[in-house]
Amino acid sequence: MSSRSIKDIVVFGESEGEVRHVRKGPDRWIAGELAITNTLQFASPDGAFTAGIWESTPGKFRAVYEEDEFYHMLYGQVVIADEEGNARTFHPGDTIVVPAGFTGTWEVVEPTKKFYAHYRPGGGPALATATPVTTGRPEQAPADASDPSDPSAQAG
């Protein structure tokens with residue numbers, strides 16, 4: 001491992017990140033405009049660990065987690081439901097881990113912003129290859145558009 005210095009420390013909100021405006025494809029989008037911004041702040045060399053800032057306007061989408069996600073909500077409100085309909089609402093200050101294998105829905109009730117960290121053994125190229133797009137409904141998105149903040153998008 002190469003030696004790192006203080007310059008290599010990533011400070012969210014100060015460090016330059018890779019900003020992407022993305023949207024859910026028609027197979028993931030359920031309702032709302034879902035204007036999503038994902039700012040990638042850090043990615044390990046193998047892509048197994050990523051961290052950044054995720055923001056979204058209200059809407060609802062299907063989520064399929066193929067990696068573990070840690071997140072801390074800064075503002076907003078989301079309702080996460082599993083496939084059986086069990087749901088929980090999360091608010092500013094909530095810090096959670098969604099484990100790999102979770103499948104369900106995310107409903108962004110209010111404009112939401114969170115810090116996130118994803119871990120996926122073996123890495124994943126989706127963050128590096130996701131197609132940036134403008135906001136709008138998914139039927140306007142290119143067929144290969146994906147949301148790199150959505151673990152299901154990172155898997156393909």
Side-chain angles (χ1 to χ4, degrees), residues 9-44 47-120 124 126-142 145-156:
I9 294 175
V10 175
V11 180
F12 283 38
E14 287 181 26
S15 299
E16 187 175 327
E18 181 181 339
V19 178
R20 291 175 178 257
H21 301 281
V22 295
R23 74 175 72 96
K24 299 293 178 193
D27 61 327
R28 300 276 188 232
W29 175 82
I30 297 172
E33 291 296 319
L34 286 171
I36 297 170
T37 301
N38 183 52
T39 304
L40 179 64
Q41 294 285 319
F42 177 84
S44 62
F49 179 79
T50 57
I53 303 168
W54 184 91
E55 298 178 73
S56 180
T57 59
K60 188 174 183 178
F61 61 91
R62 178 172 156 68
V64 179
Y65 281 78
E66 293 191 11
E67 62 190 33
D68 298 311
E69 179 185 41
F70 164 91
Y71 87 70
H72 176 78
M73 186 179 293
L74 301 171
Y75 63 75
Q77 180 180 345
V78 300
V79 177
I80 301 175
D82 63 23
E83 289 186 305
E84 297 172 359
N86 303 304
R88 183 147 179 200
T89 303
F90 297 96
H91 303 92
D94 287 343
T95 304
I96 71 170
V97 173
V98 180
F102 176 87
T103 301
T105 60
W106 264 68
E107 181 179 3
V108 181
V109 179
E110 299 173 359
T112 296
K113 182 176 186 177
K114 67 180 182 178
F115 290 150
Y116 71 86
H118 293 158
Y119 176 69
R120 181 175 184 190
L127 279 173
T129 61
T131 305
V133 295
T134 58
T135 59
R137 293 193 179 267
E139 56 270 17
Q140 300 168 339
S146 62
D147 175 4
S149 72
D150 175 13
S152 63
Q154 292 186 17

Self-check item: Heavy-atom closest contact (Ala48 atom, Ser44 atom, distance)
Solution: N-OG, 3.3 Å
Quiz prompt | Spacing of Thr112 atom OG1 and Gln77 atom CD [to the nearest 0.5 Å] | solution = 8.0 Å
Quiz item: Side chains of Ile80 and Arg88: closer than 4.5 Å at any heavy-atom pair?
Solution: no
Quiz prompt | side-chain contact (heavy atoms from CB on, under 4.5 Å) evaluation trace for Phe115 with Phe70 | solution = CA-CA 8 Å; Phe115 290 150; Phe70 164 91; 5.9 Å; no
Self-check item: pair Ile96-Phe90: side-chain heavy atoms closer than 4.5 Å
Solution: yes
Quiz item: Mind checking whether Ile53 and Lys113 have side chains closer than 4.5 Å, heavy atoms only?
Solution: yes
Exercise. Measure the spacing between CD of Glu16 and CD of Glu14 and express it to the nearest 0.5 Å.
Key: 13.0 Å
Self-check item: Close side-chain approach of Val78 and Met73, heavy atoms under 4.5 Å
Solution: yes
Practice problem: Evaluate the criterion side-chain contact (heavy atoms from CB on, under 4.5 Å) for residue pair Arg62 and Thr103; output intermediate values, then yes/no. | Solution: CA-CA 8 Å; Arg62 178 172 156 68; Thr103 301; 3.3 Å; yes
Quiz item: Going by heavy atoms in the side chains, are Leu40 and Tyr116 under 4.5 Å from each other?
Solution: yes
Quiz item: So, for His72 and Gly93, which heavy atoms are closest and what is the spacing to 0.1 Å?
Solution: CE1-O, 3.5 Å
Exercise. Considering only NZ, NE, NH1 and NH2 on the basic side and carboxylate oxygens on the acidic side, decide whether Glu69 and Arg120 come within less than 4.0 Å.
Key: no
Exercise. Would you confirm whether Asp82, through its side chain, and Gly104, through its main-chain N or O, come within 3.5 Å as a donor-acceptor pair?
Key: no
Quiz item: Within the side chain of Ser56, is there an N or O that forms a donor-acceptor pair under 3.5 Å with the backbone of Leu34?
Solution: no
Quiz item: Ignoring hydrogens and geometry, is there a side-chain-to-backbone donor-acceptor pair from Ser15 to Val11 under 3.5 Å?
Solution: yes
Quiz item: Heavy-atom distance under 4.5 Å between the side chains of Trp29 and Phe61, does that happen here?
Solution: no
Exercise. Specify the closest pair of heavy atoms between Ala100 and Glu66, including all atoms of both residues, with the distance to one decimal.
Key: CB-C, 3.9 Å
Quiz prompt | Test side chain to side chain donor-acceptor pair (under 3.5 Å) applied to Tyr75 and Glu55, step by step | solution = CA-CA 9 Å; Tyr75 63 75; Glu55 298 178 73; 3.3 Å; yes
Exercise. Mind running side-chain contact (heavy atoms from CB on, under 4.5 Å) on Ile36 and Lys24 for me, showing each step along the way?
Key: CA-CA 9 Å; Ile36 297 170; Lys24 299 293 178 193; 4.0 Å; yes
Quiz item: Does the side chain of Thr57 reach to within under 4.5 Å of the side chain of Val108, using non-hydrogen atoms?
Solution: no
Quiz item: Would Thr37 and Val19 satisfy side-chain contact (heavy atoms from CB on, under 4.5 Å), going step by step from the backbone distance to the final call?
Solution: CA-CA 7 Å; Thr37 301; Val19 178; 3.8 Å; yes
Exercise. Under the side chain to side chain donor-acceptor pair (under 3.5 Å) rule, what do Tyr71 and Asp94 come out as? Steps first, then yes or no, please.
Key: CA-CA 8 Å; Tyr71 87 70; Asp94 287 343; over 6 Å; no
Practice problem: First locate atom CH2 of Trp106, then atom NZ of Lys60, and finally report the distance between them rounded to the nearest 0.5 Å. | Solution: 13.5 Å
Practice problem: Could you tell me the separation between the OG1 atom of Thr39 and the CZ atom of Phe12, rounded to the nearest 0.5 Å? | Solution: 9.5 Å
Quiz item: Is the closest side-chain heavy-atom distance between Val64 and Phe102 below 4.5 Å?
Solution: no
